[in-house]
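The structure appears below as structure tokens.
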Amino acid sequence: MLDAKHFRDGIEETAIQLARRGFTLDTDTLKALEAQRKELQVRTESLQSERNARSKEIGKAIGRGEDATPLKAEVGALGDQLDTAKAELQKVQAQLQEIILGVPNLPADDVPEGEDEEHNVEVTRVGEPPVFSFEPKDHVAIGEALQNGLDFETARKITGARFVVMKGAVARLHRALTQFMLDLHTEQHGYLETYVPVIVNHASLQGTGQLPKFGEDLFHVDGESQDKVAMSLIPTAEVPLTNFVRDEIVDEAELPIKLTAHSACFRSEAGSHGRDTRGLIRQHQFDKVELVQLVKPEDSMAALEELTGHAEQVLQKLGLPYRKVLLCTGDMGFSAKKTYDLEVWLPAQNTYREISSCSNMGDFQARRMQARLRRKGVKKPELMHTLNGSGLAVGRTLVAILENYQQEDGSVVVPEALRPYMAGAERITA
RNA sequence: GGUGAGGUGGCCGAGAGGCUGAAGGCGCUCCCCUGCUAAGGGAGUAUAGAGUUUAUAGCUCUAUCGAGGGUUCGAAUCCCUCCCUCACCGCCA
């Protein structure tokens, strides 16, 4: 959510900035609503003020033993006016709120302009794609060839499309990856390990920006009655982790707060029928190790570089070739101010595929969440900045390992960094 | 799931229709006093929003005592619904 100021005096400038990321701000509607809001709010508050004062007088009159009946009637009429004004104000504010909650973040100045991923800018490329003396297979072929490996058939039977069952050494490799990532981030990068709910309430989802606009991307767990608060499965642990500080004011000395968690993530993938239907790339359920940083505003851009570097470390230690891409305005997520994607090399696809997305959200989420910090000697609290990134998507990392470390005989070499987590095993064999 | 008790400011805790944005205490900040320390005295100490404004300064106003609705001229206080916490019982990984 942007500062309300952006929709008042500087609205034209805001519209220009939003146009950079392909969002059209309806300035006419906003201006009209804003004018109504101002008028109604001023009127409502002054009516309120008057009624409060008059009601107190009634109390005093009664205290003096006077007859307050005529006064009561008068103030009662005032109350009716107030109710009308209040209702109108509420309507206008709800309309404004709905629009404002649907406006994406403003891109940072150094974000390249562009409509889609075509205009993303490659920043660095690390590692060499492996050269094979044979035709490399994709992870599905590799995983299914193993006696106990990837089993999409069983998953389809017990649940449906876009789910997987992993078995044996592949399941263990998957577990090893999460262990390795968590250890790296907690022991070397200074994150606090956490375990969090994968079902969250809607206040949390609004806080990080998934709601109200992107509800169809989520799986919902509805309450059995209308009054029950509905909840949803998290699409990323960013939601629970970032919401740690919702409605909190933290002392500046406590920042930065660096959190990591391993969790299952759930995405309905509405609208991606037919995309990446084969394999583990796009699943309804997948595991991810998430990195979240809550920082002082002036530190957030540096923190983005740092956090991205932490995710890169995972790829480097696993010996996976990747590139780092700066997303253009049109390809960024709703809440992001600046985003780097890390893309890992997938031999079978002969291309780099997203395995991590690291974003600085600025104060966008913090404003929705009322997540603030208090500086020493300053009375008024200030919005903090929030960042998050995958460190990494575990399923996709598994894909990358199977494909990049595959051998002609169908076995897969275990990267050295993972061997301690695999009882020393050097390779997975058929 | 059942029964009971509760949800008030950073914390503890009063208040039971008007004079309560909220007593008192603790904590914290500043000042005074005290040759260190301890003790003592004084002042201050929520958040959000609106208007005014060059201003994130001041001033004025509004809202907030778990959430939402209702009664009333007026609700922290009364009524309803929901959420949450605690205790005991049942069930359970």
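Because only heavy atoms are used, hydrogens play no part in the values below, and waters and symmetry mates are left out as well, while side chains stay in. Letters go in sequence order (proteins before strands), and every chain restarts at 1.
- A:Asp341 and A:Ser357 share a side-chain donor-acceptor pair at under 3.5 Å.
- Contacts of A:Leu78 with the nucleic acid, taken as non-hydrogen atoms under 4.0 Å apart, are absent.
- When heavy atoms are screened at a 4.0 angstrom cut-off, A:Arg8 is found touching the sugar-phosphate backbone but no base atom.
- For the OP1/OP2 pair of B:A48 and a distance below 4.0 Å, the side-chain nitrogens and oxygens of A:Arg372 include at least one atom meeting the criterion.
- Pairs of residues two or more places apart, or lying in two chains, never qualify as side chain to side chain donor-acceptor pair (under 3.5 Å) while including a residue from residues 81-92 of chain A.
- In this structure, A:Tyr195 has its ring center at least 6.0 angstrom away from the ring center of A:His262.
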Please list, pair by pair, any protein nitrogen or oxygen found under 3.5 Å from a nitrogen or oxygen in nucleotides 62-66 of chain B.
residue : atom : partner : partner atom : Å
B:U62   : OP1  : A:Ser49 : OG           : 3.2
B:A63   : OP1  : A:Gln48 : OE1          : 3.2
B:A63   : OP1  : A:Asn52 : ND2          : 3.4

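- Taking the centre of each ring, A:Phe364 and A:His385 stay at or above the 6.0 Å mark.
- Ring geometry for A:His185 versus A:His189: interplanar angle of 30 to 60°, hence tilted.
- Residue A:Glu74 is classed as having no contact, given no heavy-atom separation below 4.0 Å to the nucleic acid.
- Comparing A:Glu57 and A:Ala73 along RNA chain B, the residue whose closest nucleotide (by nearest heavy atom) sits nearer the 5' end is A:Glu57.
- Between the C1' atoms of B:G21 and B:A75, the separation comes to 14 Å (whole Å).
- A:Lys379 comes within 4.0 angstrom of the backbone, heavy atoms only, and of no base.
- Taking a 4.0 Å limit (strictly below) on heavy-atom distances, residues 80-96 of chain A does not reach RNA chain B anywhere.
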Name each donor-acceptor pair under 3.5 Å that joins a side chain in residues 10-20 of chain A to protein atoms two or more places apart or in another chain, with its distance.
residue : atom : partner  : partner atom : Å
A:Glu12 : OE2  : A:Lys31  : NZ           : 2.6
A:Thr14 : OG1  : A:His6   : O            : 2.8
A:Thr14 : OG1  : A:Gly10  : O            : 2.9
A:Arg20 : NE   : A:Glu113 : OE1          : 3.4
A:Arg20 : NH2  : A:Val111 : O            : 2.7

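- Within the 4.0 angstrom heavy-atom criterion, only backbone atoms of the sugar-phosphate kind lie near A:Arg37; the bases stay farther away.
- Here A:Arg375 lies out of heavy-atom contact (under 4.0 Å) with every strand.
- Where pairing requires Watson-Crick or G-U contacts shorter than 3.5 Å, the helical stems of RNA chain B with at least three consecutive pairs are B:1-7 with B:83-89, B:10-12 with B:24-26, B:27-32 with B:40-45, B:46-52 with B:58-64, B:66-70 with B:78-82.
- Side chain of A:Ser232 to backbone of A:Leu218: no donor-acceptor contact under 3.5 angstrom is found.
- The phosphate of B:U20 (OP1 or OP2) has no side-chain N or O of A:Lys56 nearer than 4.0 angstrom.
- Residue contacts shown for A:Leu71 are absent, as no nucleic acid heavy atom lies under 4.0 Å away.
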Just distance, no hydrogens or angles: give the donor-acceptor pairs under 3.5 Å from side chains in residues 173-184 of chain A, sequence neighbours left out.
residue  : atom : partner  : partner atom : Å
A:Thr178 : OG1  : A:Arg175 : O            : 2.9
A:Asp183 : OD2  : A:Tyr421 : OH           : 2.6

